[in-house]
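Below you'll find the structure, written out as structure tokens, and then a few comments.
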Amino acid sequence: MALLGNPFVANVPRQLLAEELVQALRVDLAGELEAIIGYEAHAMATTDERVKKVLYHIADEERQHVGELQQLIYMLNPNEQKQVEKGKQEVVQQQSQSFQAPMQ
């Protein structure tokens, strides 16, 4: 498990600067991704279909949170969205070339 910083540890809660808020949202995003991994691991570790159904449903809710947090980050830091989109396009380009071309 990654140890990620909490912006309020050892501090009295205060208003975050814009850059600090983006970092805090990234920590929240990582927590959501970690939760997905945990719920899916637990679902894979049981044969009880009732439990699997609920855990996979919860994991999907966490995926929605990932999208919400990512959108907030994009709102606060438009360059981040540009870089993410650039990365997506690089993979699409590689896929169209069966991953044979060198990475740029």
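In this chain, residues are counted from 1 in sequence order. FYI, side chains are in, hydrogens and waters are out, and symmetry mates aren't considered; it's all heavy atoms of this structure.
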**Asked** Going by an N to O cut-off under 4.0 Å, is there a salt bridge joining K88 and E85?
**Response** yes
**Prompt:** Between I73 and L16, is there a shared hydrophobic cluster once you connect ILVMFWY residues whose side-chain heavy atoms come closer than 4.5 Å?
**Reply:** yes
**Request:** Supply the atom-to-atom distance L25 CG to Q71 CD, rounded to the nearest 0.5 angstrom.
**Result:** 11.5 Å
**Message:** Quick check: is I37 connected to Y39 through a chain of hydrophobic side chains (ILVMFWY, heavy atoms under 4.5 Å apart)?
**Reply:** no
**Shortest non-hydrogen contact between Q100 and Q94, atoms and distance** = N-OE1, 4.2 Å
**Request:** Would you give the length of the straight line joining atom CG of D60 to atom CG of L55, rounded to the nearest 0.5 angstrom?
**Result:** 11.5 Å
**Prompt:** Using 4.0 Å as the upper bound for N to carboxylate O, is an ion pair formed by E32 and R26?
**Reply:** no
**Stepwise side chain to side chain contact (heavy atoms under 4.5 Å, CB included) test for M44 and Y56** = CA-CA 9 Å; M44 289 184 274; Y56 282 126; 3.5 Å; yes
**Request:** Looking only at non-hydrogen atoms, find the nearest pair between S96 and Q93 and report the distance.
**Result:** OG-O, 2.7 Å
**Prompt:** Hey, is the main chain of G87 close enough, under 3.5 Å, to the side chain of E90 for a donor-acceptor pair?
**Reply:** no
**Item:** Rounded distance [0.5 Å steps], CG in L33 versus CG in D28
**Value:** 11.0 Å
**Prompt:** Can you find a side-chain donor-acceptor pair between E68 and H65 that sits under 3.5 Å?
**Reply:** no
**Prompt:** Nearest 0.5 Å, what's the NZ-CD distance between K53 and E49?
**Reply:** 10.5 Å
**Asked** So how far is it from I58 CD1 to I36 CD1, rounded to the nearest 0.5 Å?
**Response** 12.0 Å
**Asked** Do M75 and V66 sit in the same hydrophobic cluster, where Ile, Leu, Val, Met, Phe, Trp and Tyr count as joined when their side-chain heavy atoms come under 4.5 Å apart?
**Response** yes
**Request:** State, to 0.1 Å, how close Y74 and V84 come at their nearest heavy-atom pair, and which atoms those are.
**Result:** OH-CG1, 3.1 Å
**Prompt:** Could you state the interatomic distance from NZ (K52) to CD (E40), rounded to the nearest 0.5 Å?
**Reply:** 11.0 Å
**Prompt:** What's the shortest heavy-atom distance between V22 and L76, and which atoms?
**Reply:** CG2-CB, 3.7 Å
**Between H57 and E61, a side-chain donor and acceptor under 3.5 Å** = yes
**Asked** Got a sec, which residues hit side-chain hydrogen bond (donor to acceptor under 3.5 Å, both in side chains) with Q83, two or more places apart in sequence or on another chain?
**Response** none
